[in-house]
Amino acid sequence: MSENNAAVRLKGISKTFGHVAANSNVDLEIRHGEILSLLGENGSGKTTLMNMLAGIYYPDEGEIFIDGRPVQIRSPKDAFDNGIGMVHQHFKLIDVFTAAENIILGEEHTGMRINRKETVAKIREICDKYGFEIDFEKKVYDMNVSQKQTLEIVKILYRGANILILDEPTAVLTPQEAEKLFKVIKNMRDAGKAIVIITHKLQEVLSVSDRVAILRKGECVDSIATKDANEKILTEMMMGRKVDLNIERPDPVNPVKRLEIKNLSVRDREGNLALKDVSFVANGGEILGIAGISGCGQKELLEAVAGLAAVESGSIEYLPSGADAPTELVGRNPKQIRELGVVLSFVPEDRLGMGLVGSMGMSENMMLKSYENGNSIFLEQKAPRELAGNIKEELEVQTPDIATPVRKLSGGNVQKVLVGREIAAAPQVLMTAYAVRGLDINTSFTIYHLINEQKQKGVAVIFVGEDLDVLLALSDRILVMCEGRITGLLDARTCTKEQVGLLMTGGMEGGEQNGTN
Amino acid sequence: MGIIWNADSMLGWIVMAVNFGSVILYGAMGEILTEKAGHLNLGVPGIMLCGGISGFASTFLYEQSTENPSKFVMLLLGLVSSVVAATLAGLIYAFLTITLKANQNVTGITLTTFGAGLAKHFGSVISAKSGSTAIRSAVADDVFNAKIPFLSTDLGVVGKLLFNYGFLVYLAVILAVLLQLFFYRTHQGLNLRAIGENPGTADAMGINVTRYKYSAILAGSAISGIGGFLYLVINNVQWSTALDIEGMGWLAVALVIFATWKPVNAIWGGYLFGFLSKAGAYAPTFITGITISQNIWSMTPYIVTIVVLIAVSFRMKKESRPPAALGTAYFREDR
C-alpha cells in the first residue's frame, strides 16, 4: 500500500444511531486516480460511512485524514472545503430550478448578484473536460434520471470536488446509460480524482473499479484489488459465508391463460396518456417480467389491472382457474378485484409511501387488508396477529415485536412485511413492482424464492424490476415497455441484456432506431 | 336596481384601496419571505398586532410625555418600536419552529391569539391611563401622513390618485420590487428558495439552513410589523379600530397565495384586496334600488382568493405552487 497518493484515510470510525451501531471501528483508504467500490449488503453501513465524509453525519469516534492532514467535517460545507462531494442515492436537486441554478446553489461568492455569463462559462468548461452534456436552462422536473444524475456530478465538480462519492449510481439507469456513466467516471479517474462508488451489484464492481472495499455489519472486512477478485470471492467476503448466486428458474407449470389485456389505454394523474394500446397475455404458473425505465407506464399498467387507475379504453379479461368464462376487470373497484384474487404489491421508492403505514406495527398493517372481516363492531384482531407472527417467522423479519412500528424496521424487513402480506392473500395473479428495490443479495433471494413458490402453485406472476440481470434470470417471458407502448416480448431464456436495454429506450432490435414512432 | 357613476366616491375608494392594500402588502411580503424559507407562519396577524400596538404606544406615550415632540424622534420611534416588537414576536415563532421543531400551524395560530390579547390589554391600559377611549397621537399622524407638497395638491385627479399617500405606502412598493430582485437575482435569494423547496438539498450544498431560516423569519416579521403600524397611520394614529388589524393579517396570508409567492404580484394584488375590503363602504354609492349587506362585501377578498386557488391548481404550473417543503421541520440526521 502506497501512502503517498492517499486522498482520504479513515481511522477507527464509529457511528451509532440509538442502540444500533451503523459503523464500528472502520479503517479505509481512498486514493487519487483510483475508483474504489464500497461493497456491502443493505444495512452494512456503506452509506452512513460515506455520509460522514460528506458532512451529513458526524462520527462518534475516529479520525479522518485528507491528504495526510487530520480534519473535522461537521457540515456539508466543511466537506466541500476539503474537496469532498457526494452524489446521494436520492438525488438532491431542486425541482423548480434550472440546471444552472442547481449547480451554483450554496456557492461562495463575493457579490450578491448572480453573474449568469460567468457561471455558464465555468460550467461549460467542466462539461467539456469530462464529456458531460447538460442543458443549462432546463428545469429539473423536465429531466430524466440520467440527466439528473449528470447534473448531480457536474454540481459537485463545479464546487471543486477532488474526491467524489457516488451512492448506488446505476440503480435507476438503463445499461446504456450506465455504460456512459462509467466512461465519464473513468475520465475523472484519469484526471486524478479519487472516486468511491457505493454499490451492491457485483458485475458493476468488477467492470468499473480498481479496488474493492467490503463492509459487513458496519465493519470494514477487507479491501482487495479488483483484478484479484471475482463474483464468488466478493460474495463470500460480503456475506461472511458461501452462497449460491444462481437464481433458480423452475420450468413453467402447466401455463394457462389467466389474464388477457386487450388494447388498454390509461391516462395518468396529469391527464397524459401513460399507456397506449397495450395488449398481452399473462399465464398462470409463469413469471412475466416487465422491463422499462421509470415512467414508461409499468406503474399505470399494474394500477389499471388492480383497479387503481382509470382506464381510458380497452379491456382486462381475467380467467380464474376453474372458471369457464372470463371476468372483465375494467369497471370494478380495487376491493372487488382483490377479492377475485388479483393482488398488487407495489414497493415505491420510499417504501412506506404505498401499502404500509409506518407508525403501525406489523399486525396492524395486516389489518389494513382485513378490517372488514368479522361481524363484530370491533376489529378482528386475532387473525392478523397470527398472520404477522407467521410472516415474521417464515420470512425472518428482524423486529423486536410484531407491534413495533414498521417505520423502525430496516428497508429489507419492511419489504418482507409488504410482500408477505400480499402473498398471504393466496392470489391467482400476483403483481409485484420493485419487490427487491434496494435489498441486499440475501434478502433478495428470499423474495425470489417466495415468488417462485407462487409460480409453482400456478399463480400468474407479473414482476416489474429494475435490475435487468435479475429480470433475465427470474422471468419466463419479458415484456419491454417504452413510453407507454410495448416495444417487445422476449423469451427470457434466450434474449440478451443488450436487446432488452435497446427496446427500453425505444430502439428496435439490432440497434436500428425506430423512425416511425 | 341601477348603477350610477360617482367620480368622487371612486377616487375616495381607490385612495382607501391603496392605503389598506399597502397594509395587506406589508403583511404579505413578510409572509412571502417566511414561506420562501419553508415556514408557514399563521402568526402574521398577531405579529402585525404586536407591531401596531408597539408603534402606537411609543408614539402616543412620547407625545403625552413631552412638551414639544420632535418629528424626527417620532418617525424613528414609530418605525423602530413596531419593527422591534414584531421581530421579537417572530423570534418566538422562529425559536419554536426552527430550533424546537414545533408544529408550525399550531405555533402560528397561538401567536395570533397571543398578539390579539396583548394588543387588547395594552390598548385598554393606555386608554384607562389617559382617561379616554379615543386616544390618538396627532404628531405621529402629521409625520407619517405627510403628503408630497405640490404634487398631491396641484395636479388635480392625477395628484390625488398618485401622490396622496404617506411615505410608507411608497416604501411598500419599493420593498416589494427589492424583494423580487432578491429572490430571483441574487445568490442569497436562490439559496433561500432552495431551502423552502428542499432543505436537505440546500444543506448538502453547504448552505447554513438554520441561519437562513432565522434571518428570513425575523426579517419577514419585521416587515409584517410595519404593516400593523401602517394600519394605525392610515386611521390617523388613533387606537379605536386597531384590533381590526387581525383581519388585515388574515388577508395578508390569503394574498400570499393570490400572488403565487411573488412580491411583485402582491403589489397589485394587495391594492385589489384593499379595494374589495372597502367595497362595503363605497360600492353602495354606485348601486341604487338594492341593499347588499356589508358582510357580503367584506367576504369578497376571500372569495377571490378561493377562485385564484382553483385557477392556479388547474394551471398546474410548478412555479406557481407553494414552496415544496412548506410546513415541515428539517433535521439533518433524520433517517
Side-chain angles (χ1 to χ4, degrees), chain A residues 15 17-18 20 22 47-48 51-52 54-58 74-81 84-88 90-98 100-116 119 139-142 152 155-156 158-159 269-271 407-408 410-411, chain B residues 32 35-38 177-213 215-216 219 260-262 312-326 328 330-335:
Chain A
K15 176 76 184 173
F17 293 103
V20 187
T47 303
T48 307
N51 269 333
M52 283 188 267
I56 304 286
Y57 300 145
Y58 188 74
R74 295 188 176 277
S75 69
K77 194 178 165 299
D78 290 352
F80 278 124
D81 292 345
I84 300 169
M86 179 161 172
V87 174
H88 297 266
H90 301 292
F91 296 143
K92 290 189 180 285
L93 295 170
I94 308 288
D95 262 359
V96 294
F97 285 9
T98 63
E101 285 173 335
N102 267 289
I103 290 170
I104 61 169
L105 210 54
E107 186 196 4
E108 307 260 313
H109 36 74
T110 41
M112 265 180 89
R113 261 197 77 199
I114 296 173
N115 188 335
R116 271 228 134 69
T119 320
K139 293 271 168 91
V140 171
Y141 58 71
D142 283 330
E152 281 276 18
K155 199 170 88 172
I156 57 175
Y158 179 85
R159 293 294 292 270
R269 288 182 183 86
E270 267 86 46
R407 176 168 39 84
K408 293 196 174 163
S410 80
Chain B
I32 290 175
E35 291 196 13
K36 287 284 183 195
V177 173
L178 288 178
L179 266 180
Q180 184 90 7
L181 290 175
F182 171 74
F183 287 144
Y184 295 97
R185 295 285 164 82
T186 68
H187 286 281
Q188 286 83 353
L190 187 74
N191 293 352
L192 181 67
R193 283 191 293 135
I195 289 168
E197 292 291 333
N198 187 340
T201 297
D203 192 18
M205 291 305 280
I207 299 167
N208 190 330
V209 174
T210 306
R211 196 166 70 200
Y212 265 90
K213 283 192 166 192
S215 312
T260 60
W261 291 267
K262 293 186 181 65
V312 167
S313 63
F314 271 128
R315 247 188 327 167
M316 292 298 268
K317 199 169 158 235
K318 298 209 179 194
E319 282 77 7
S320 306
R321 290 185 194 164
L326 189 62
T328 53
Y330 176 64
F331 176 51
R332 183 190 286 163
E333 294 209 0
D334 207 8
R335 312 231 300 164

Would you mind telling me which of B/H187, B/E197, B/E319, B/Q188 has the largest number of heavy-atom pairs within less than 4.5 Å of chain A?
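Max contact count across the listed options: B/H187.
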Are the side chains of [Y] and [X] in contact, using a 4.5 Å heavy-atom criterion?
| X | Y | result |
| --- | --- | --- |
| A/Y57 | B/R332 | no |
| A/E101 | B/Y184 | no |
| A/L93 | B/T201 | no |

How long is the straight-line distance from [atom2] of [Y] back to [atom1] of [X], given to the nearest 0.5 Å?
| X | Y | atom1 | atom2 | value |
| --- | --- | --- | --- | --- |
| A/K77 | B/N208 | NZ | CG | 9.5 Å |
| B/T186 | A/I114 | OG1 | CD1 | 6.0 Å |
| B/L190 | A/F97 | CG | CZ | 4.5 Å |

Do you know which of A/K139, A/H88, A/R116, A/E107 has the most heavy-atom pairs under 4.5 Å to chain B?
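The candidate making the most pairs under 4.5 Å is A/K139.
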Pick whichever of A/G106, A/G55, A/G85, A/P76 has the most heavy-atom pairs under 4.5 Å with chain B.
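Most heavy-atom pairs within the cutoff with chain B belong to A/P76.
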A/I156, part contacting chain B, at a heavy-atom distance under 4.5 Å
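Neither part, no heavy atoms under 4.5 Å.
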Mind checking side chain to side chain contact (heavy atoms under 4.5 Å, CB included) for B/S215 and listing every partner two or more places apart, or none if nothing turns up?
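Applying side chain to side chain contact (heavy atoms under 4.5 Å, CB included) to B/S215 gives B/R211.
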For A/D95, give me all partners under salt bridge (Lys or Arg N to Asp or Glu O under 4.0 Å), at least two apart in sequence or on another chain.
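If we apply the salt bridge (Lys or Arg N to Asp or Glu O under 4.0 Å) test to A/D95, skipping adjacent residues, there are no hits.
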Are the side chain of A/R159 and the backbone of B/M205 linked by a donor-acceptor contact shorter than 3.5 Å?
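Between the backbone of B/M205 and the side chain of A/R159 there is a qualifying donor-acceptor contact (under 3.5 Å).
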